[in-house]
Amino acid sequence: MKKIIILGGGTAGWMAAAAMARFVLPRGIEVTLVESDQIGAVGVGEATLPHLRSFNELLGIDENVFVRETKATYKLGIEFANWARQGDSYIHPFGEYGRDLNGIPFHHLWLKARADNNAEALDNYSLPVIAALKNRFEFPSEDLRSILATYSYAFHIDAGLYARYLRKFACELGVNRIEGKVDRVEHHADGDIAALHLENGQSLAGDFFVDCSGFRSLLIGEQLDSPFIDWSHWLPCDSAIAVPSEAPAGELRPYTRAEAHTAGWRWQIPLQHRMGNGIVYAQRYMQDDEAQNLLMQGLPGATTNEPRQLRFQAGRRQESWRKNCLAVGLSSGFLEPLESTSIYLIQIAITKFISLLPAIHVASQRPQRNEFNRQMALEYERIRDFLILHYCATERDDSPFWRYCRDMELPESLQNKMALYRESGHIADYKNGLFLEPSWLAVYQGQRISPKQYSPRADVIKSDELAALLKNYAELVRRATSDMPLHSDVVDRQCGPHPTRVPSTSMSLYRSVGK
């Protein structure tokens, strides 16, 4: 392998190019990215997961520079309003609830205390939830004994600015950028891609190709016929409208907001220079003009650009790596942005591919390809189940959309997880999964799924002792969050001339990504 061609820029293309600039170019492999300024990137994704920190750190990007360049704010979690019932609200935090005791998961202790009327609301035992509600933020502590080490954080970013920053980063390290649009694709006799022929007459031959062409999926879909696995019967939303607005006055929220409506949900994402707004909906249950009116009525300020319409279909390619082509980002699949997973799926595809790269030879890729596709299928399916949980675990009966979601047949894998939690309070665990036990707990309880019983191991602790432990922990959370600075003050500090040092991702709750 001597030459890799990346088709398409945007977030996916330039994340791939930046990672290859750091880890592939030094091996003597030439990397070229071809994109056209005439083809716009989707670029509305502005909310991320904590795993992006490890990707940036892997590339050697200074986090404070990243925050300044992308107009970023910090993110402690996602607020879900009106999902289980209208009027309900909960936050899915990037952190833990309480502390386990003698190997007993905290939520079993909480369930026991609640049964004895000795427990506060679950949120009161989560530092990131309470900090988010107070609009406060500070970096986690590297002292694992501290309550300030019980959470992580992500970012709200301008995705267009992030792609622009990575483009400069990658090109300075030696990635070649070519402006152009593909006219036709040439294949070898065995079906592998041989070259991309551009409209300007230029030909780009390569040994390996990375498809970052977005929803069109020009290489992996159109040329190599990797079948698309449709999940829209489980995730029926198929449309979105996005529009930015002026940043509202007042305190800056350190969390994303997702508010359910009669046929989907609306988002608000606070950045330094604007508020990102959007609405996700199912065309079968809501017309475009109705969705746009609903979105525009809920804006916190004047618009700064025209609304942008998107169409999509939930699902994934059967193979993200087929022959000598790897699909990254939207060309590989799409799961709606409810839990901010799009950039994570780009990141994990790139890091898994590069981890397999040392053993790759053009003539012998099958074992690496099969393992990559197995791992990516698992990533997509686990995220799919977590997203479906938000929709199916509802008591709403106010619209055909919610009745459909409540009554639809679920994947067996999700049925088993939900039944296990309802019957025993046990949360299905898996190694290196994206959403870990606290995430499932947040959504189960937030969506009003409560276990019939708690683990009998919790009964070894006397009720009065347990009540005192929980009371002390909730008070510790309140004191710790009250001592935190306002989120807006931290953003100003980190973008100023004297930012503080950020903690290494080696201390993060989410440090296993890419392994």
Side-chain angles (χ1 to χ4, degrees), residues 49-51 53-54 74-80 90-114 119-134 136-154 254-256 339-340 386 389 417 421 425-447 449-451 454-455 457-458 461 466 469-484 503-513:
L49 295 175
H51 307 73
R53 294 189 61 230
S54 65
Y74 300 98
K75 175 182 174 184
L76 290 170
I78 307 168
E79 180 190 28
F80 294 94
Y90 68 94
I91 288 180
H92 164 204
F94 299 145
E96 299 172 352
Y97 290 92
R99 287 285 176 92
D100 296 353
L101 185 63
N102 298 329
I104 306 169
F106 174 80
H107 70 277
H108 285 288
L109 303 175
W110 174 75
L111 288 167
K112 171 182 167 62
R114 188 179 67 166
E120 300 181 29
L122 182 63
D123 284 351
N124 290 342
Y125 305 101
S126 169
L127 186 144
V129 170
I130 301 305
L133 293 173
K134 294 179 178 180
R136 294 180 180 271
F137 176 81
E138 189 53 284
F139 298 118
S141 171
E142 294 180 323
D143 180 356
L144 298 182
R145 298 167 299 177
S146 170
I147 193 172
L148 297 175
T150 61
Y151 66 99
S152 188
Y153 63 95
Y255 58 92
T256 305
E339 283 280 359
S340 312
F386 191 61
L389 176 63
K417 291 185 183 78
Y421 185 72
H426 183 77
I427 297 175
D429 191 20
Y430 40 72
K431 186 178 180 181
N432 290 343
L434 170 57
F435 294 111
L436 305 180
E437 185 176 281
S439 297
W440 285 88
L441 177 63
V443 179
Y444 280 142
Q445 291 299 141
Q447 300 287 146
I449 297 178
S450 198
Y454 55 82
S455 171
R457 291 184 297 164
I461 304 173
L466 181 57
L469 286 171
L470 265 61
K471 180 180 179 181
N472 289 340
Y473 195 91
E475 181 57 32
L476 187 60
V477 167
R478 282 189 280 270
R479 289 201 307 268
T481 53
S482 295
D483 291 339
M484 286 180 167
S504 168
T505 58
S506 64
M507 307 304 296
S508 172
L509 295 167
Y510 298 85
R511 57 184 174 270
S512 63
V513 64

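- Note that the NE2 atom of His92 and the OG1 atom of Thr256 stand 11.0 Å from one another [nearest 0.5 Å].
- Partners of Phe80 under the ring pair (Phe, Tyr, Trp, His ring centres under 6.0 Å) rule, at least two apart in sequence or in another chain, are Trp83, Tyr90, His390.
- In this structure the side chain of Tyr153 reaches within 4.5 angstrom of the side chain of Phe139, judged on heavy atoms.
- Among all heavy-atom pairs drawn from His108 and Ser455, the shortest one is ND1-N, 2.9 Å.
- Pro438 approaches Gly95 most closely through the heavy-atom pair CB-O, 3.3 Å.
- For Glu142 (side chain) and Ser504 (main-chain N/O), a donor-acceptor pair under 3.5 Å exists by modelled atom type.
- Within the 4.5 Å cutoff, no side-chain heavy atoms of Ile104 are placed close to those of Lys112.
- For Glu437, the side chain to side chain contact (heavy atoms under 4.5 Å, CB included) partners are Pro105, His107, Ile427, not counting sequence neighbours.
- Taking the side chain as every heavy atom from C-beta outward, Leu122 and Phe106 approach each other to under 4.5 Å.
- For Tyr421, the ring pair (Phe, Tyr, Trp, His ring centres under 6.0 Å) partners are Tyr444, not counting sequence neighbours.
- Annotation: the span from Ile147 atom CD1 to Arg99 atom CZ amounts to 7.0 Å, rounded to 0.5 Å.
- For Arg145, the side chain to side chain contact (heavy atoms under 4.5 Å, CB included) criterion is met by Asp143, not counting sequence neighbours.
- Of all heavy-atom pairs between Ser54 and Thr505, the closest is N-CG2, 3.7 Å.
- By the 4.5 Å heavy-atom criterion applied to side chains, Tyr97 and Gln445 are not counted as neighbours.
- Rounded to the nearest 0.5 angstrom, Glu339 CD and Ile78 CD1 are separated by 4.0 Å.
- Considering only residues two or more places apart in sequence or on other chains, Glu138 meets the salt bridge (Lys or Arg N to Asp or Glu O under 4.0 Å) condition with Arg493.
- At least one side-chain heavy atom of Val477 sits less than 4.5 Å from a side-chain heavy atom of Tyr473.
- Partners of Trp440 according to the side chain to side chain donor-acceptor pair (under 3.5 Å) rule, which considers only residues two or more places apart in sequence or in another chain, are Tyr430.
- Remark: the backbone N or O of Asp123 is not paired with any side-chain donor or acceptor of Ser126 at under 3.5 angstrom.
- Rounded to the nearest 0.5 angstrom, Lys75 NZ and Ser340 OG are separated by 3.0 Å.
- The line from CD1 of Ile91 to CG of Leu133 is 4.0 Å long, rounded to the nearest 0.5 Å.
- Note that OG of Ser152 is 10.5 Å distant from CD of Glu96, once rounded to the nearest 0.5 Å.
- When the side chain to side chain contact (heavy atoms under 4.5 Å, CB included) test is applied to Glu120, the partners found at least two apart in sequence or on another chain are Asn124, Tyr125, Ala474, Arg478.
- With sequence neighbours left out, the side chain to side chain donor-acceptor pair (under 3.5 Å) criterion links Tyr74 to no other residue.
- The two residues Leu76 and Pro128 have their closest heavy-atom pair at CD1-O, 3.9 Å.
- Every residue meeting the side chain to side chain contact (heavy atoms under 4.5 Å, CB included) condition with Lys134, not counting sequence neighbours, appears here in chain and number order: Ile130, Arg136, Thr481, Ser482.
- In this structure Ser450 satisfies the side chain to side chain donor-acceptor pair (under 3.5 Å) test together with Arg114, sequence neighbours excluded.
- Two residues are said to be in side-chain contact when any heavy atoms from C-beta on lie closer than 4.5 Å; Leu49 and Leu434 meet this criterion.
- The nearest pair of heavy atoms linking Leu148 to Ala480 is CD2-CB, 4.3 Å.
- Applying the salt bridge (Lys or Arg N to Asp or Glu O under 4.0 Å) rule to Arg457 yields no partners; only residues at least two apart in sequence or on another chain are considered.
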